[in-house]
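A, B, ... follow the sequence lines: proteins, then strands. Residue 1 opens every chain. Note that the structure is predicted; figures quoted are calculated from it, not measured.
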Amino acid sequence: MSAEIKYVTTPHPVTGVVNSKLGIWLFIATEVMLFGGLFSAYIILRVGSASWPKADEILNVPLATINTMVLIFSSVTMVMAWASLMLKSLKKFRLYMGLTILLACVFLVIKFFEYSGKFHHGYYPSTNNFFAVYFTLTGLHGLHILGGILVNAYFFIVAGREWKNRPKMFTNRIEGAGLYWHFVDLVWIFLFPAIYLV
Amino acid sequence: MSTHNTEDMLKHIKIYIVIFFALAVLTVVTVWASYIHVSEWLHVTIAMSIASVKGGLVVAYFMHLISEKKLIYAVLILTAFFFIFMLIVTMTASETMGPLVPDFW
């Protein structure tokens, strides 16, 4: 007996959207609550504390600003990768997807330098609540970046075969991967000012 | 998205590039605004307002929410409700609790 779940590339008659897209949006909904819970913990810890350090004196704001730009740029290259498939250009897709993966790696390398700077100064998640919040939120976000790199790298590798055999399905999958990637960018857009600047 | 033709897509690409520059400028504004001397709460309000505008642009244009189906909106309205509810509970709890520990830092 085959248990294969058929991939349907056309919108479902009841929902009006392609199943995979609805699935990704539901997943993003759970992600909103995951990060929302941690944001709530941050608010509780911060409002409940008698004093809180000035983040921009301890954290590296220039590095984080560069990282914000890197992530915004990667969001544009991601949406351009999808647009390239819509314009039926596999060559351009490879260029933009490659750039997206590269930029995501740049983000993680910068993050690595940021973290090692903190460890070098003896700052760990156990140091105090400020660093507990900093490492938990940016660490979880970093894991999401890593997850995005893995998914995008997979699509980058199988692009030739998938585009040849199942172009519509492949385009839908890139749109789904894009939705996730933009969400990861969105989280950073809020994390950056919340942790580094205020 | 199957109804897109080439001309439409090229228009979309132009919009993506405009949004990119808007996001870059707003990032600079966010950092600049953090150096203004105002109260902590005003700082938080300004920073989160700019972040909301940036987030709105990403969601609307990169995630195509500006032209999405009703069901996706329904999912997100429900998510927004629970998210905001959680934050309200957190904030009211924080206000009534007062300092948890004399000094966290």
Side-chain angles (χ1 to χ4, degrees), chain A residues 9-11 15-18 21-22 25-26 28-30 32-33 36-37 39-41 43-53 56 61 65 68-69 72-73 75-76 78-80 83 86-88 128-130 168 171-172 175 178-179 181-183 185-186 189-190 192-194 196-198, chain B residues 1-2 4 6 8-10 12-13 16-17 19-20 23-24 26-28 30-31 33-35 40 43-44 46-48 50-52 54-55 58-59 61-64 68-72 75-76 78-80 82-84 86-87 89-91 93-95 97-105:
Chain A
T9 53
T10 47
T15 62
V17 289
V18 178
K21 190 195 257 186
L22 179 59
W25 273 112
L26 287 172
I28 289 173
T30 70
V32 168
M33 297 313 284
F39 256 103
S40 300
I43 294 169
I44 288 261
L45 290 173
R46 183 161 178 169
V47 177
S49 73
S51 69
W52 195 260
D56 55 356
V61 176
T65 308
T68 307
M69 293 294 192
I72 289 170
F73 193 37
S75 242
V76 181
M78 185 78 210
V79 81
M80 289 299 286
M86 296 297 283
L87 292 170
K88 316 253 179 278
N128 53 42
N129 278 344
F130 172 77
K168 184 79 187 108
T171 310
N172 283 348
E175 191 183 8
L179 285 173
W181 192 249
H182 303 311
F183 173 76
D185 182 22
L186 181 72
I189 283 173
F190 284 94
F192 171 56
Y196 291 81
L197 299 179
V198 298
Chain B
M1 286 290 158
S2 56
H4 281 298
T6 308
D8 273 347
M9 272 326 290
L10 294 175
H12 280 285
I13 289 169
Y16 298 149
I17 292 165
I19 300 298
F20 167 68
L23 291 172
L26 285 171
T27 302
V28 175
T30 312
V31 177
S34 73
Y35 291 104
E40 195 185 349
H43 253 170
V44 175
I46 293 170
M48 287 301 118
I50 301 172
S52 301
K54 287 171 73 184
V58 169
V59 169
Y61 294 99
F62 291 166
M63 298 171 91
H64 308 126
E68 201 41 272
K69 293 285 181 300
K70 269 188 198 151
L71 184 74
I72 305 289
V75 167
L76 290 176
L78 204 61
T79 310
F82 282 111
F83 180 76
I84 292 165
M86 180 161 64
L87 288 187
V89 169
T90 308
M91 284 174 185
S94 315
E95 271 169 25
M97 274 189 313
L100 296 163
V101 173
D103 200 347
F104 263 115
W105 170 236

Asks: Find the one option among A:V32, A:T171, A:T10, A:L26 whose heavy-atom pairs under 4.5 Å with chain B are most numerous.
Replies: A:V32
Asks: Going through the distances and angles, do A:V79 and B:H64 end up as a side chain to side chain contact (heavy atoms under 4.5 Å, CB included)?
Replies: CA-CA 10 Å; A:V79 81; B:H64 308 126; 4.2 Å; yes
Asks: Measure A:T15 against the heavy atoms of chain B and call it side chain, backbone, both or neither at under 4.5 Å.
Replies: both
Asks: Using non-hydrogen atoms only, which part of B:I46 is less than 4.5 Å away from chain A: side chain, backbone, both, or neither?
Replies: neither
Asks: One pair to check against side chain to side chain contact (heavy atoms under 4.5 Å, CB included): B:I13 and A:L87. What are the steps and the verdict?
Replies: CA-CA 11 Å; B:I13 289 169; A:L87 292 170; 3.7 Å; yes
Asks: Take A:L22 and B:K69 through the test side chain to side chain contact (heavy atoms under 4.5 Å, CB included) and record every step on the way to the result.
Replies: CA-CA 10 Å; A:L22 179 59; B:K69 293 285 181 300; over 6 Å; no
Asks: Ignoring hydrogens, what is the shortest heavy-atom contact between B:T79 and A:A29? Give both atom names and the distance.
Replies: OG1-CB, 3.3 Å
Asks: Heavy-atom distance under 4.5 Å to chain B: side chain of A:M33, backbone, both or neither?
Replies: both
Asks: Specify the closest pair of heavy atoms between B:M63 and A:W25, including all atoms of both residues, with the distance to one decimal.
Replies: CE-CH2, 3.7 Å
Asks: Where on B:V58 is there a heavy atom nearer than 4.5 Å to chain A: the side chain, the backbone, both, or neither?
Replies: side chain
Asks: Using every non-hydrogen atom in the two residues, find where B:M9 and A:A83 come nearest and quote the distance to one decimal.
Replies: CE-CB, 3.4 Å
Asks: Please look at B:L23 and chain A and tell me whether the side chain, the backbone, both or neither of the residue comes under 4.5 angstrom of a heavy atom of that chain.
Replies: both
Asks: What part of B:V75 is in contact with chain A, defined as an atom under 4.5 angstrom from a non-hydrogen atom: side chain, backbone, both or neither?
Replies: side chain
Asks: Flag the one option from A:T30, A:I72, A:D56, A:L186 with the top tally of heavy-atom pairs under 4.5 Å to chain B.
Replies: A:I72
Asks: Minimum heavy-atom separation for B:L87 to A:S40, with atom names?
Replies: CD2-OG, 3.7 Å
Asks: Where on B:V59 is there a heavy atom nearer than 4.5 Å to chain A: the side chain, the backbone, both, or neither?
Replies: side chain
Asks: Quick check: are there more than 12 heavy atoms from other residues, nucleotides or ligands sitting under 6.0 Å from CZ of A:F73?
Replies: no
Asks: Where do A:F190 and B:K54 land on the side chain to side chain contact (heavy atoms under 4.5 Å, CB included) test, with the steps shown first?
Replies: CA-CA 9 Å; A:F190 284 94; B:K54 287 171 73 184; over 6 Å; no
Asks: Check whether more than 12 heavy atoms from other residues, nucleotides or ligands sit under 6.0 Å from atom OH of B:Y61, and answer yes or no.
Replies: no
Asks: Less than 4.5 Å to any heavy atom of chain B: does that hold for the side chain of A:Y196, its backbone, both, or neither?
Replies: neither
Asks: Which pair of heavy atoms, one from B:M48 and one from A:P193, lies closest together, and at what distance?
Replies: CE-CG, 3.9 Å
Asks: When rounded to the nearest 0.5 angstrom, what distance separates OG1 in A:T68 from CG in B:L26?
Replies: 12.0 Å
Asks: State, yes or no, whether a side-chain contact exists between A:M86 and B:D8 at a heavy-atom distance under 4.5 Å.
Replies: no
